[in-house]
Amino acid sequence: MDSNSAPRPTQTSDSLLHRLAGPSTTKAGLANDQTDINRVIADASKGSKFYENEKRKDKDLTEKINRILQQRDEARRGVDIAQIEHNVDQVISKMEAQRDLTQIIVHVDMDAFYANVEILDDPSLKGTIFAVGGGVLTTASYEARKHGIRSGMPEYIAKKLYPNLKVIRCNIPRYAEMSKKVMSIFRRYDPNMLAASVDEGYLNITQYCEDRLQTADEVVQEMRRTVEEETNLTVSAGIAPNKMLAKICSDRNKPNGQFKLDFDATTIKAFMHDLSIRKVPGIGRVNERLLESIGIKTCGDIYTHRATLSLMDKQFGLHYLLQTYLGIASNHVEPYHREERKSIGAERTFSAIGDKDKLFKKLEEVAAELEDDMERHGWTGKTVTLKYKLDTYQVYTRAKSFDRWISTKKEDLFAIGKELLLPELPLRLRLIGLRVTKLKDLRENADAKPGSIKRFLESASESTSPRKKRKLDVDVNDGDNEDSPKLSQDGFEVSMPGYDDDEDEANLEDDIEELEISTEGKPRSSSKPSSSSKPSSSKPTSLASSFRITSSSKPNSAIKPTSRSTPAPKPESEVQSQTCPICSKTLQMDNTAFNAHIDFCLSKGAIREAQAESSASINSKPIRLEPRKHPPKKVARRGKSR
DNA sequence: GCGGATCAC
DNA sequence: TATGGTGATCCGC
């Protein structure tokens with residue numbers, strides 16, 4: 001257990017080595033000896049500002065862990081552990097009783113997507129060691145991964161690992177094109193699938209299997225074969241009763257393989273028992289370390305330490321971890337809806353700048369990009385957040401809210417950003433960004449109940465085939481968004497917005513452009529740190545020692561579950577009380593019937609009324625028929641450092 | 001509402 | 001020489 005208080009054999013601690021190795025360490029196709037590779041990476045990084053910042057974060061985390069251990073020991077003192085365990089066991093029984101094994105969920109994941117598309121266009125790359133990106137790598141071929149080269153890694157470090165590495169520039173429009181093709185094949189199996197990113201999606205094939213009397217394995221096998229036949233790209237898949245399990249399973253036989261988990265509670269629990277917690281979506285490197293510090297490395301360990309987790313629920317989130325231990329999660333799959341968007345922003349990295357006018361110039365450029373996006377996608381909002389990163393890599397944000405919808409003109413965005421940045425100067429920065437939240441959808445005026453309206457419109461336009469680009473509200477998924485991915489780490493890359501669907505190509509391309517990874521900067525080392533300049537404000541959250549933590553600064557920590565993670569099953573046809581966003585009547589019916597009712601209301605030209613009405617009330621929140629997407633989240637928290 | 005922080009891709 | 005960009009969410013003020 002506690003691997004951190006042990007003496008370090010080398011100068012760089014294990015945790016720091018691990019941190020420097022990047023977030024995608026647990027991925028498929030890794031290298032011979034991770035240790036040697038981590039060493040090379042650390043040596044190549046040593047001395048840089050980036051390295052120093054990682055070191056600082058690592059130290060903060062170590063201190064936080066020490067506080068947690070102290071809290072744990074204190075909390076366990078004098079309490080009846082057996083009793084607590086008993087109580088937790090009862091909670092587990094209840095969760096178990098709600099387990100839903102009725103839905104067949106599939107997670108599909110394209111293998112080394114960008115790299116494989118490049119091979120498509122240049123077959124001579126097949127089997128060779130190459131990467132896609134520039135400055136920072138977006139993805140690496142499987143052969144390159146064997147040498148420790150991963151997405152998110154700076155090119156110069158990758159070349160230390162393999163000097164002859166060939167690096168190909170990203171061709172985002174091309175990837176988007178292939179993504180569309182592949183997604184459309186997936187949709188044959190579930191028209192309601194969720195495209196989670198350019199290269200990844202979730203399907204519910206329960207109906208499909210039932211209709212054809214085929215097993216899930218057969219269907220997925222056929223689907224994967226179809227993708228390969230029609231696109232020459234391979235995909236890996238996971239089949240399980242919920243999204244979390246399906247995602248974990250898709251990684252099991254990658255590349256070009258599939259893995260099905262038996263739809264049986266005993267099998268699922270056995271599967272989770274030995275699974276590294278790091279494999280659980282939502283648990284990243286930080287939470288991995290926090291959990292490990294109290295002895296939890298696998299999901300099975302969650303049960304062993306249930307008493308501690310219960311006592312420290314605030315920090316770790318007992319509920320979410322228990323669900324994870326049981327292998328229970330959301331099995332809800334539906335397409336992304338435009339109204340789910342919560343923010344829109346732009347940010348740019350550049351070689352460090354200290355000059356005020358030059359910084360404003362950068363801010364202006366970012367403002368222009370943001371204007372473009374907001375216009376193109378039809379959004380405005382009420383809050384603007386400035387983000388900046390010092391040349392020391394420390395990140396800060398400063399926000400301002402308005403009681404009106406802001407102008408999307410770049411001049412206005414710039415003015416707001418300037419107002420936020422000015423009081424912080426002087427600073428030496430390497431990144432500036434602007435983000436708008438508290439959004440209002442300018443296309444579909446329904447900011448009032450978007451959920452259903454959108455849903456209806458979407459299916460309607462789908463059948464009639466859209467083709468025209470914008471206007472006419474209702475656009476289905478404007479491609480915008482989505483989940484968005486960008487460079488990924490784990491294996492894959494990035495993003496793109498709207499692949500979703502058939503519909504406007506032009507728009508799609510625009511979106512794609514923005515995805516390009518910039519990495520521009522020609523870094524010149526900034527001569528001096530000038531680190532002295534620190535963000536003024538800073539609110540030391542210090543007092544935050546909400547707990548009785550001992551020492552100084554940082555407050556809390558730890559993991560927590562989130563309400564999300566749909567605890568229960570919820571097949572979908574459950575009768576419940578719901579209020580129609582159009583006619584405002586409260587109805588008792590299941591979702592299918594409810595959507596039909598909404599269709600009815602909409603068909604009566606109720607749209608206009610709804611729009612008029614909604615523009616008056618800006619706040620109504622989208623209604624939600626089902627649990628939302630997104631996993632858990634919520635794990636650790638920490639205070640500010642330094 | 002604000003700011004820090006973590007995570008996914 | 002040199003380490004992305006977009007979006008979401010959570011927590012503690």
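Please read these numbers as outputs of a predicted model, since none were measured by experiment. In what follows, chains are A, B, ... by sequence order, proteins preceding strands, each numbered from 1.
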Check: Any side-chain N or O of Arg398(A) under 4.0 Å from OP1/OP2 of dG4(B)?
Finding: yes

Next item on the list: Verify the contact: side-chain N or O of Ser401(A) to OP1 or OP2 of dG1(B), cut-off strictly under 4.0 Å; return yes or no.
Entry: no

Margin query: Less than 4.0 angstrom between a side-chain N/O of Arg435(A) and OP1 or OP2 of dT6(C), yes or no?
Written below: no

Item checked: Side chain of Arg348(A) - closest among dT6(C), dT9(C), dC9(B) -> dT6(C)

Item checked: Euclidean distance for C1', dC7(B) against dG4(C) (whole angstrom) -> 15 Å

Notebook entry, point to check: Given atom OH of Tyr114(A) and atom C1' of dC9(B), what is their separation to the nearest angstrom?
Noted result: 9 Å

Check: Glu200(A) and side chain to side chain contact (heavy atoms under 4.5 Å, CB included): which partner among Met110(A), Met183(A), Lys247(A)?
Finding: Lys247(A)

Note to self: So that I can tick it off, tell me whether Asp391(A) and Arg430(A) are bridged by a salt bridge, with the cut-off set at under 4.0 angstrom between side-chain N and carboxylate O.
What the structure shows: no

Next item on the list: Tell me whether the OP1 or OP2 atom of dG7(C) has a side-chain N or O from Arg341(A) closer than 4.0 Å.
Entry: yes

Checklist line | Interatomic distance where NZ belongs to Lys49(A) and C1' belongs to dT1(C) [whole Å] | finding: 11 Å

Next item on the list: Please state how far atom CD in Glu339(A) lies from atom P in dG7(C), giving the value in whole angstrom units.
Entry: 16 Å

Margin query: Quick check on dG7(C): is either OP1 or OP2 less than 4.0 Å from any side-chain nitrogen or oxygen of Ser343(A)?
Written below: no

Notebook entry, point to check: Looking at the side chain of Val286(A), which of dT6(B), dG5(C), dA8(C) is the nearest nucleotide?
Noted result: dT6(B)

Notebook entry, point to check: Over how many whole Å does the gap from Lys387(A) atom NZ to dG3(B) atom P extend?
Noted result: 14 Å

Item checked: Residue mapping more 5' on DNA chain C - nearest nucleotide basis, Ala346(A) or Phe50(A) -> Phe50(A)

Next item on the list: With heavy atoms under 4.0 Å as the rule, sort Lys438(A) into base, sugar-phosphate or nothing.
Entry: sugar-phosphate

Checklist line | Ser48(A) (side chain) and dT1(C) (base): donor-acceptor pair under 3.5 Å | finding: no

Next item on the list: Give the rounded distance in Å between these two atoms: CD1 of Ile172(A) and C1' of dT6(C).
Entry: 13 Å

Check: Does dT3(C) have OP1 or OP2 sitting under 4.0 Å from an N or O in the side chain of Tyr393(A)?
Finding: yes

Next item on the list: Using only side-chain N and O atoms of Asn287(A), determine if any of them is under 4.0 Å from OP1 or OP2 of dT6(B).
Entry: no

Notebook entry, point to check: Please give, in whole Å, the distance from dA5(B) C1' to Arg19(A) CZ?
Noted result: 11 Å

Check: Taking only side-chain nitrogens and oxygens of Lys279(A), does any of them come within less than 4.0 Å of OP1 or OP2 of dA8(B)?
Finding: no

Check: So does Glu419(A) pair up with Lys400(A), basic N to acidic O under 4.0 Å?
Finding: yes

Notebook entry, point to check: Should the pair Lys49(A)-Glu52(A) be classified as a salt bridge under the 4.0 Å nitrogen-to-oxygen rule?
Noted result: no

Notebook entry, point to check: If you check every side-chain atom of Thr397(A), which of dG5(C), dG4(B), dC9(B) has the closest atom?
Noted result: dG4(B)

Item checked: Interatomic distance, Arg338(A) CZ vs dA8(C) P [rounded to whole Å] -> 12 Å

Margin query: Whether Lys64(A) and Asp60(A) form a salt bridge (side-chain N of Lys/Arg under 4.0 Å from carboxylate O of Asp/Glu) is what I want to check.
Written below: no

Margin query: Taking the nucleotide of DNA chain C with the nearest heavy atom to each, does Ile344(A) or Arg430(A) sit closer to the 5' end?
Written below: Arg430(A)

Margin query: Starting the side chain at C-beta, find the nucleotide from dA8(B), dA8(C), dG5(C) nearest to Leu431(A).
Written below: dG5(C)

Next item on the list: Tell me what Ser45(A) touches on the nucleic acid: a base, only sugar-phosphate, or nothing, going by heavy atoms under 4.0 Å.
Entry: base

Next item on the list: Figure out the CG/P separation between Leu420(A) and dC2(B), and round it to whole Å.
Entry: 9 Å

Next item on the list: Could you tell me which non-hydrogen atom of Ile41(A) sits nearest to which non-hydrogen atom of Ile157(A), and how far apart they are?
Entry: CG1-CG2, 4.0 Å

